[in-house]
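The structure appears below as C-alpha cells.
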Amino acid sequence: MNYWLMKSEPDTFSIDDLKNVKQEPWDGVRNYQARNFMRDGMAVGDGVFFYHSNCKVPGIVGIARVASEAYPDPSQFDPDSHYFDPKSSRDKPRWMLVDVKFERKFERTIALDELKAQPALAEMPLVRKGNRLSVMPVEASDWQYILGML
DNA sequence: GCCAACGTTGGC
DNA sequence: GCCAACGTTGGC
C-alpha cells in the first residue's frame, strides 16, 4: 500500500465536505505529474493525507482513502465546467482522476509550519520550496511520523 | 492581494 | 526544440 497527500482549497472542497458526501471524484487536477500519480501510482485502499491549501492555516486536516481505480475526469468534457479542456476528447482523455473516500478528520490541523519545523520531514516535496504539486507521494515512514505529531 | 516559483504555450 | 510570455499555485 502506498501513501499520498492531496491538496484542496477548503473554500472549494474541504475535509468536512468530504465527510458529508463520504466519497468524491477528485476532479480538476490539470497537472501532468499529479495526474500520473493518480493514474499510475494509486491503488484502492491507499492512504491519503487531506491537505487544506490557500487558507488561513494551511496543513494536513485528516485522512482519506483511494476508493477507485483511475478513470477519465468527466469535467474535462463539460464546456460549462471550470475544468473544461477543449484539447481533450472522450476517445483520448487527457485527465484522469480517482475517487477518494472519507476516513477521519483530525482533532487539529497539522500546520504546514509544524511540518516545516520537523527535520525528519525535510525531504517531503510538500515542504520544499516552490513545490506546487497538488497530488504527491508520502513515504510510509513520513506517514507514521506525521501521525505521531497528533 | 502580492508575488515567487514553476508549468505550459506557441512563435520562430 | 528553444525560450519568452503568460497563467497558475499557494504561502504569506
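No hydrogens, no waters, no symmetry mates; every other heavy atom, side chains included, goes into these values. In the text below, chain A, chain B and the rest are named by the order of the sequence lines, each starting its count at 1.
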Could you tell me if A/Gln118 and A/Tyr145 have a donor-acceptor pair between their side chains, going purely by distance under 3.5 Å? yes

Not counting sequence neighbours, which residues clear salt bridge (charged side-chain N to carboxylate O under 4.0 Å, His left out) with A/Glu107? List them please. none

Strand contacts (DNA chain C) in residues 112-135 of chain A, 4.0 angstrom heavy-atom criterion: A/Leu112, A/Asp113, A/Lys116, A/Arg132, A/Leu133

Residue pairs fulfilling ring pair (Phe, Tyr, Trp, His ring centres under 6.0 Å) with at least one residue in residues 96-134 of chain A, sequence neighbours excluded: none

Would you mind telling me which residue lines up with the more 5' stretch of DNA chain B, A/Lys87 or A/Gln33, judged by nearest nucleotide? A/Gln33

With A/Arg132 via salt bridge (charged side-chain N to carboxylate O under 4.0 Å, His left out) - residues at least two apart: none

With sequence neighbours left out, the residues meeting salt bridge (charged side-chain N to carboxylate O under 4.0 Å, His left out) with A/Glu139 are none

Checking A/Lys105 now: which residues fulfil salt bridge (charged side-chain N to carboxylate O under 4.0 Å, His left out) with it, not counting sequence neighbours? A/Asp16

Any salt bridge between A/Asp73 and A/Arg94, counting N to O under 4.0 Å? no

Side chain to side chain donor-acceptor pair (under 3.5 Å) partners of A/Glu9, counting only residues at least two apart: A/Asn54

Are A/Arg108 and A/Glu114 ion-paired here, with the side-chain N under 4.0 Å from a carboxylate O? yes

Short of 4.0 Å, heavy atom to strand atom, which residues of residues 53-62 of chain A count as contacting DNA chain C? A/Ser53, A/Asn54, A/Pro58

Chain A contact limits on DNA chain B, taken 5' to 3' with a cut-off of 4.0 angstrom to heavy atoms: B/dA5 to B/dG10

Here the pair of heavy atoms bringing A/Ile146 nearest to A/Leu121 is CG1-CD1, 3.8 Å

Is there any ring pair (Phe, Tyr, Trp, His ring centres under 6.0 Å) pair reaching into residues 31-77 of chain A, and which pairs are they, with sequence neighbours excluded? A/Trp4-A/Phe37, A/Trp26-A/Phe50, A/Tyr32-A/Trp95, A/Phe49-A/Trp143, A/Phe50-A/His52

Does anything in residues 35-42 of chain A reach DNA chain B, meaning a heavy atom under 4.0 Å, and if so which residues? none

Residue list, side-chain contact (heavy atoms from CB on, under 4.5 Å) with A/Glu69, at least two apart or on another chain: A/Val44

